Structure formats: structure tokens, C-alpha cells
Participant: 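I'd like to ask you about the structure that follows.
Only a predicted model underlies this, so the values are computations on that prediction, with no experimental measurement involved. Naming: A, B, ... by sequence-line order, numbering from 1 per chain.
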Amino acid sequence: MPELPEVETIKNELSPHIIGHKITNVTILDEKLVRQPSVKEFRSRLIGEKITGIERRGKYLILGLSSGEALIIHLKMSGSLLLKPPERFTRAILHLDNGTTVHFRDPRRFGVMLLVKDKNAIIGKLGPEPLAAEFTPKILAQRLKKRTAPIKALLCDQGFVAGIGNMYADEALFRAGIHPLRSGKSLSGAEIERLHHAIQQTLRSAINKKGASVETYFRPDGQIGTAHFEFKVAHKRGEKCPNCGTPIQRILIRNRGSYFCPKCQKGA
DNA sequence: CCCGGAACCTGAAGGC
DNA sequence: TGCCTTCAGGTTCCGG
């Protein structure tokens, strides 16, 4: 699933192929993908535009256009952006004036594209970037103060902190030795420090591995990422905890599979 | 505002 | 062979 490290990788690897190039055509094979404006207007406002920049905010990719508008892409569960045509599940294609084609592949059809004048209308509600300098243990503590929800749910809440999803939340909590059901406000200062560090280490390490290909994530050139080979608990029910050998448990939190070591992560 | 659960969506994998 | 269930989960919406 594309979370922050996967979207960051896609941004980095797509960038040299698209920056400074003009969109010559837009093929929409699944109209559900285009959230706004209408498919017709989406195409006409996009064709002829030069791509001036690409950035990531949370799990959103934002392509800046010469018109000043922004093409916002969210890959949701199963989306990828590929430079070569995949065998199946192509939902849209961007054609550029240098011959590049960007194929939006999305088996589960959750993915979204929007063309907007003001990107803040979409990304304005996101919480802090977890790898930015502004995201300090102090800020994290402040945001956790009155929250009674499970820490796992808060980490996955994009308004609380942007870019973390199910698998990296599990990995960060394991690294910090914190049980996923602990309420936000129950965490001690030392635990918040550990969690802050664990979040940044987990995400940085995954970016270095070009993301985790647990299911349908591919890099633009079709290669997989290797961050999932480093996972300690995510998607490892029944396997042994690398620290203590206790079998990894799976429980549901907010209807999401949550994996943890019941011995190393205490205090539910 | 905060919390939790349902809904959206479809393929892969395993059991019988 | 084929049917059924489970698992995967980012986001939005809704009710309490």
C-alpha cells in the first residue's frame, strides 16, 4: 500500500521523466478515477500544460502545472504510476511531449485524481509531515494530550500526522515498544520520545529501501521496493517476535489488522 | 470536536 | 473444479 515512503519514492523516481515536459494527451479508461472537475474538463484543462514541479504531502502527489493549477493524485490502496504499460488494470494514461507515458494502474479502483486551482483545499487539513523539522517530540506530546483513541488509530489519522498508514504505524509502535491499544494521552514523556524517534527511523529506513512492496506497490520502472523485508511485525501473524520469540498477534483496531508483540509492547 | 464503525472496491489465497 | 471466506486498508461519511 502506498504510504509516505512509497509516495516519496514515486515522486523521486518519476520526477526526471516528467518535470519540464508538456502534457500532450490524457486517456481516461475509468472515469471513476477523476473526482473533479468533469472528465471532459479535466482533459481539456490538462492537455497543453507543462509540468513545472512535483511534490508529496502526506500520501498525496501534487503535480504543479504552468497554468498555476495542480494535478493531485492519491494512489489509495492499490495504485501505482508506471512508465511502461502494465498487462492489466490501467485506469488512465498521461502522454508527454518527450514520449513519456505515465500509466495509472489500480486493481482495486480506489485511486483518485483531481485538478484544482488551490491545492490547499485538498491537503490543507493534513497534520504535520512526520519527517519535517517542525515535527518534534514536543509537538507530538501536545497533539496526544487529550486524545483517548488508541495510539495506533491516531498514527493512521491523516489529520493527526500525515503519511503514516497501517503497516508503518505497526512497525513504529513495535520499535517504540508501545502497545497499539494504548490511548494517546496515556503515553509518558519517555514513550513519546521513543515513538517520535521510531516514526522517523521507520519512515527514513523505508525510503532508503524504496518503499515496501507488500501487495500491489511498484516503483515507476516496475521494480519492487524492499522495505518489507525489514518488517518486524507488520503482516507477520504467528511468526516469532525478533526480540523475544513470542508469536506476533493480530487484532482489529478501527477495522484494520494490527500486528504487535504482546510481550515487547505492553500496557493495553 | 472526538470516537468508532460501515462503506467503497477487487484480487489473491486458502479451505472444503 | 469451483465456491466461499478471509485478508488487504486509505479515506469519507455517519451516528453517538
Participant: Show every donor-acceptor pair shorter than 3.5 Å between a side-chain atom in residues 81-93 of chain A and any protein atom, with sequence neighbours excluded, or say none if there are none.
Facilitator:
residue: A:Arg91; atom: NE; partner: A:Asp106; partner atom: O; Å: 2.8
residue: A:Arg91; atom: NH2; partner: A:Asp106; partner atom: O; Å: 3.0
residue: A:Arg91; atom: NH2; partner: A:Pro107; partner atom: O; Å: 3.2

Participant: In residues 163-170 of chain A, which residues come under 4.0 Å of DNA chain C by heavy atom?
Facilitator: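 Correct list: A:Gly165, A:Asn166.
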
Participant: In sequence, state the C-alpha distance, the side-chain angles, and the governing distance for A:Glu49 and A:Lys22, and then conclude on salt bridge (charged side-chain N to carboxylate O under 4.0 Å, His left out).
Facilitator: CA-CA 5 Å; A:Glu49 288 303 316; A:Lys22 199 179 271 188; over 6 Å; no

Participant: Whole Å only: how far is the CZ atom of A:Arg57 from the P atom of C:dG10?
Facilitator: 17 Å

Participant: Just to be sure I understand the rule, does A:Arg250 reach a base, reach only the sugar-phosphate, or reach nothing, if contact means heavy atoms closer than 4.0 Å?
Facilitator: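 Contact class for A:Arg250: sugar-phosphate only.
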
Participant: C:dC7 phosphate, OP1 or OP2: any side-chain N/O from A:His235 under 4.0 angstrom?
Facilitator: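 It does not, given that no N or O in the side chain of A:His235 lies less than 4.0 Å from OP1 or OP2 of C:dC7.
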
Participant: Please report, rounded to the nearest Å, how far the C1' atom of C:dC13 is from the CZ atom of A:Arg35.
Facilitator: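 After rounding, the gap between these two atoms is 13 Å.
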
Participant: How about A:Lys32: does its NZ atom have over 12 heavy atoms from other parts shown lying under 6.0 Å from it?
Facilitator: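 More than 12 heavy atoms, drawn from other residues, nucleotides or ligands, come within 6.0 Å of this atom.
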
Participant: NA contact type, A:Met77, heavy-atom cut-off 4.0 Å: base, sugar-phosphate, or nothing?
Facilitator: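 Counting heavy atoms under 4.0 Å across all strands, the contact made by A:Met77 includes a base.
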
Participant: Could you check A:Arg256 against A:Lys146 and say which one's nearest nucleotide on DNA chain B is further toward the 5' end?
Facilitator: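 In this pair, the answer is A:Lys146.
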
Participant: Does the pair A:Arg57/A:Glu129 count as a salt bridge with the N-to-O cut at 4.0 Å?
Facilitator: yes

Participant: Assess the residue pair A:Lys152 and A:Asn166 against the criterion (side chain to side chain donor-acceptor pair (under 3.5 Å)); give the C-alpha distance rounded to whole Å, side-chain angles, the decisive distance to 0.1 Å, and a yes or no.
Facilitator: CA-CA 8 Å; A:Lys152 167 70 186 287; A:Asn166 204 44; 2.7 Å; yes

Participant: To the nearest 0.5 Å, how far apart are CD in A:Glu55 and NZ in A:Lys11?
Facilitator: 8.5 Å

Participant: In whole Å, I'd like the distance from the CG atom of A:Leu155 to the P atom of C:dG9.
Facilitator: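 About 15 Å, once rounded to whole Å.
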
Participant: Give me the residues of residues 218-234 of chain A where at least one heavy atom lies under 4.0 Å from an atom of DNA chain C, by number, or none.
Facilitator: none

Participant: To the nearest Å, give me how far apart OH (A:Tyr217) and P (C:dG10) are.
Facilitator: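 Distance, rounded to whole Å: 15 Å.
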
Participant: May I ask you to check whether A:Thr101 and A:His103 show a side-chain donor-acceptor distance below 3.5 Å?
Facilitator: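 Judged by distance alone, the side chains do pair up.
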
Participant: Is the CD atom of A:Glu41 crowded by more than 12 outside heavy atoms at less than 6.0 Å?
Facilitator: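 Yes - once you tally the heavy atoms of other residues, nucleotides and ligands closer than 6.0 Å, there are more than 12.
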
Participant: Mind calculating the distance between CD1 (A:Ile122) and P (C:dG10) to the nearest angstrom?
Facilitator: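 Result: 19 Å.
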
Participant: Rounded to whole angstroms, how far apart are CD1 on A:Ile251 and P on C:dC7?
Facilitator: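 Roughly 14 Å, once rounded to whole Å.
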
Participant: Remember a base hit wins even if backbone is also touched, and classify A:Lys125 as base, sugar-phosphate or nothing at under 4.0 Å, heavy atoms.
Facilitator: nothing

Participant: Would you confirm whether A:Glu8, through its side chain, and A:Arg56, through its main-chain N or O, come within 3.5 Å as a donor-acceptor pair?
Facilitator: no

Participant: Going 5' to 3' along DNA chain B, which nucleotides are the first and last within contact of chain A (any atom under 4.0 Å from a heavy atom)?
Facilitator: B:dC2 to B:dG11

Participant: Between residues 105-114 of chain A and DNA chain C, which residues have a heavy-atom gap below 4.0 Å?
Facilitator: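 Here the set is A:Arg108, A:Phe110.
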
Participant: How is A:Ser78 classified with respect to the nucleic acid when contacts are heavy atoms under 4.0 Å: base, sugar-phosphate, or nothing?
Facilitator: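 Nothing, no heavy atom under 4.0 Å.
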
Participant: When rounded to the nearest 0.5 angstrom, what distance separates CG in A:Leu94 from CD1 in A:Ile73?
Facilitator: 6.5 Å

Participant: Using side chain to side chain donor-acceptor pair (under 3.5 Å) as the criterion, list what pairs up with A:Arg194, not counting sequence neighbours.
Facilitator: none

Participant: Looking at A:Gly225, is its backbone amide N or carbonyl O close enough to the side chain of A:Ser213 to form a donor-acceptor pair, meaning the two atoms are under 3.5 Å apart?
Facilitator: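 Yes, the answer is positive, given that a donor and an acceptor are paired below the 3.5 Å cut-off.
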
Participant: Between A:His95 and A:Val26, what is the shortest heavy-atom contact and its length?
Facilitator: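 Distance-wise, the nearest heavy atoms are CD2-N, 4.3 Å.
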
Participant: Would you give the length of the straight line joining atom CE of A:Met1 to atom CD of A:Glu6, rounded to the nearest 0.5 angstrom?
Facilitator: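 Here the interatomic distance stands at 9.5 Å.
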
Participant: If I take atom CG in residue A:Asn255 and atom C1' in nucleotide C:dC14, what distance separates them, rounded to the nearest angstrom?
Facilitator: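 Computing the A:Asn255:CG to C:dC14:C1' distance gives 15 Å.
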
Participant: What is the distance from CZ of A:Phe160 to P of C:dT12, rounded to the nearest Å?
Facilitator: 18 Å

